[in-house]
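This report concerns only the one structure given below.
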Amino acid sequence: MNSLQESFILHNGIKIPCVGFGTYLSAAGGETERAVAEALKVGYRHIDTAAFYKNESDVGNAVKKSGIAREEIFVTTKCWNADRGYENAKAACEKSLLTLGLSYIDLYLIHWPANEKQFGERAEEINAETWRAFEELCAEGKIRAAGVSNFLPHHLEMLKKTAKFMPAVDQIEARPGFWQEETLDYCRAHSILVEAWSPLGRGASLALPAIGTLAEKYGKSPAQIILRRMLQRGILPLPKSVTPARIAENADLFDFTLSDADCAAIDALRAPAGKNPDEIDF
Ligand code: A2P
């Protein structure tokens, strides 16, 4: 990847700009609209939101007011946990389209897998039914690509039993010290693009001493070191910021290349694990 305008190609042939702009914990009612407007101004063409974030209308407003052609901006949103199942997922997509004020969504994700802890043996069927709705939404042209978030290999294997096609994307928690290697391997083997949510560990990963050392070595910031590593690994990062200088910094990733040895050093870092999708109860 050599510029913010470059794309990964999803398994259905759709292009997805290589860095997405994250909006989780970005407030509705202006803050998110300003942040997204700033991101579009400095060249991001990929915005990641979710019904759960309650800021879809801010995202839609920023996209519409940007003056950039709709087809040049890639918008992702997600189906929340309360909306699982065939009918609910279809209705949730309609609601997101209305709130965004858009006629189609580029990528629609199941936000979290239904797990056995909450749903026992029904979990598999619930995920399969939600996915059936997603496949239809694709066929209807309401979404250009369908994917999942927080799915581990065993959730994807279950989906595979009834899916007409596999998710194009799995958006997972990934950052130095918590890469979720098994999920990366599974996705690579199934041509599923991995996106990283909270790639900076909500800011905490920036303080890892080894990242600071590399930042000095390359003359870049800690955030740029982490995001660049993800791009070189074929992982699409979704950094969030509401601060204009950081929004620009997180997109300025294309004038340096990390050596293989430095990549290996980043990959060897250890940090506390993140959320386990089999244990969530929301
Ligand atoms: P803010 O939004 O106030 O600018 P993640 O994407 O891993 O969830 O991290 C987001 C958090 O990291 C936010 O608190 C954001 O702060 C902060 N952040 C984002 N980019 C940078 C950066 N380049 N340098 C320092 N902090 C950053």
Side-chain angles (χ1 to χ4, degrees), residues 4 16-50 52-55 58-59 62 74-78 109 111-112 149-150 169-180 183-184 194-231 233 235-256 258 266-267 269-275 277 280:
L4 200 53
I16 180 166
C18 66
V19 178
F21 184 66
T23 63
Y24 181 46
L25 298 181
S26 212
E31 182 179 60
T32 302
E33 186 176 329
R34 282 191 296 278
V36 173
E38 181 66 25
L40 292 170
K41 198 175 89 188
V42 301
Y44 291 78
R45 289 293 179 270
H46 172 178
I47 314 295
D48 185 272
T49 180
F52 180 70
Y53 303 169
K54 305 273 182 266
N55 57 20
D58 276 54
V59 170
F74 193 101
V75 178
T76 298
T77 192
K78 313 185 189 83
L109 304 178
H111 207 143
W112 290 89
S149 184
N150 300 300
V169 164
D170 191 2
Q171 182 180 126
I172 62 170
E173 184 176 7
R175 53 187 151 76
F178 186 61
W179 288 106
Q180 310 218 57
T183 304
L184 298 185
V194 172
E195 298 180 342
W197 62 258
S198 281
L200 311 175
R202 305 252 155 86
S205 307
L206 304 173
L208 290 168
I211 297 293
T213 304
L214 289 173
E216 277 187 29
K217 173 175 171 184
Y218 286 89
K220 302 295 286 185
S221 72
Q224 289 167 332
I225 297 293
I226 293 171
L227 299 171
R228 179 73 205 180
R229 173 63 193 125
M230 292 190 172
L231 289 177
R233 268 197 106 161
I235 297 172
L236 190 157
L238 301 166
K240 172 266 176 187
S241 178
V242 295
T243 313
R246 292 173 174 171
I247 292 172
E249 176 185 322
N250 296 344
D252 179 16
L253 309 174
F254 303 97
D255 60 354
F256 72 112
L258 296 164
I266 296 172
D267 296 354
L269 293 173
R270 291 289 162 261
K275 284 201 165 56
I280 63 154

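Both counts, for ligands and for their atoms, begin at 1 and track the order of listing. Every value quoted in this text rests on a predicted model; they were computed, and no experiment measured them. The figures that follow rest on heavy atoms only: side chains count, while hydrogens, waters and symmetry mates do not.
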Inset, instruction - Determine, for Glu249 against Arg246, whether the closest basic-nitrogen to carboxylate-oxygen distance falls under 4.0 angstrom. - result: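 No, Glu249 and Arg246 are not salt-bridged.
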
Inset, instruction - Taking only Lys NZ, Arg NE, NH1 and NH2, and the carboxylate oxygens of Asp or Glu, determine whether Asp48 and Lys78 approach each other closer than 4.0 Å. - result: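 Answer for the salt bridge query: yes.
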
Inset, instruction - Say whether, by atom type as modelled, one donor and one acceptor occur between the side chain of Arg228 and the main chain of Phe254 under 3.5 angstrom. - result: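 Absent.
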
For [X], which part has a heavy atom under 4.0 Å from ligand 1: side chain, backbone, both, or neither?
| X | value |
| --- | --- |
| Ser198 | both |
| Lys240 | both |
| Leu25 | neither |

Legend entry - Option of least heavy-atom distance to atom 17 (C) of ligand 1 (set: Arg175, Arg246, Glu173):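 It is Arg246 that holds the nearest heavy atom.
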
Legend entry - atom 9 (O) of ligand 1 [closest protein heavy-atom partner, distance rounded to 0.1 Å]: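 Answer, as residue, atom name and distance: Arg202 CA, 3.3 Å.
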
Legend entry - Residue and atom name of the nearest protein heavy atom (relative to atom 20 (N) of ligand 1), distance in Å to one decimal: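 Looking only at protein heavy atoms, the one closest to atom 20 (N) of ligand 1 is Asn250 ND2, 3.0 Å.
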
Does any non-hydrogen side-chain atom of [Y] lie less than 4.5 Å from one of [X]?
| X | Y | value |
| --- | --- | --- |
| Thr76 | His46 | yes |
| Gln180 | Val194 | no |
| Leu4 | Val42 | no |

Inset, instruction - On the 0 to 90° scale, with breaks at 30° and 60°, tag the Phe256-Tyr218 ring pair as parallel, tilted or perpendicular. - result: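 Aromatic pair Phe256/Tyr218 classed tilted.
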
Inset, instruction - For the pair Trp197 and Trp112, name the ring-plane relationship: parallel under 30°, tilted 30 to 60°, perpendicular over 60°. - result: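 Trp197 and Trp112: perpendicular rings.
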
Go through ligand 1 atom by atom and flag the ones less than 4.0 Å from a non-hydrogen atom of [X].
| X | result |
| --- | --- |
| Thr243 | 1 (P), 3 (O), 4 (O) |
| Pro199 | 6 (O), 7 (O) |
| Pro239 | 6 (O) |
| Gly201 | 7 (O) |

Legend entry - Polar proximity ligand 1 side, Val242 side, N/O cut 3.5 Å exclusive: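 Yes, at least one N or O pair falls under 3.5 Å.
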
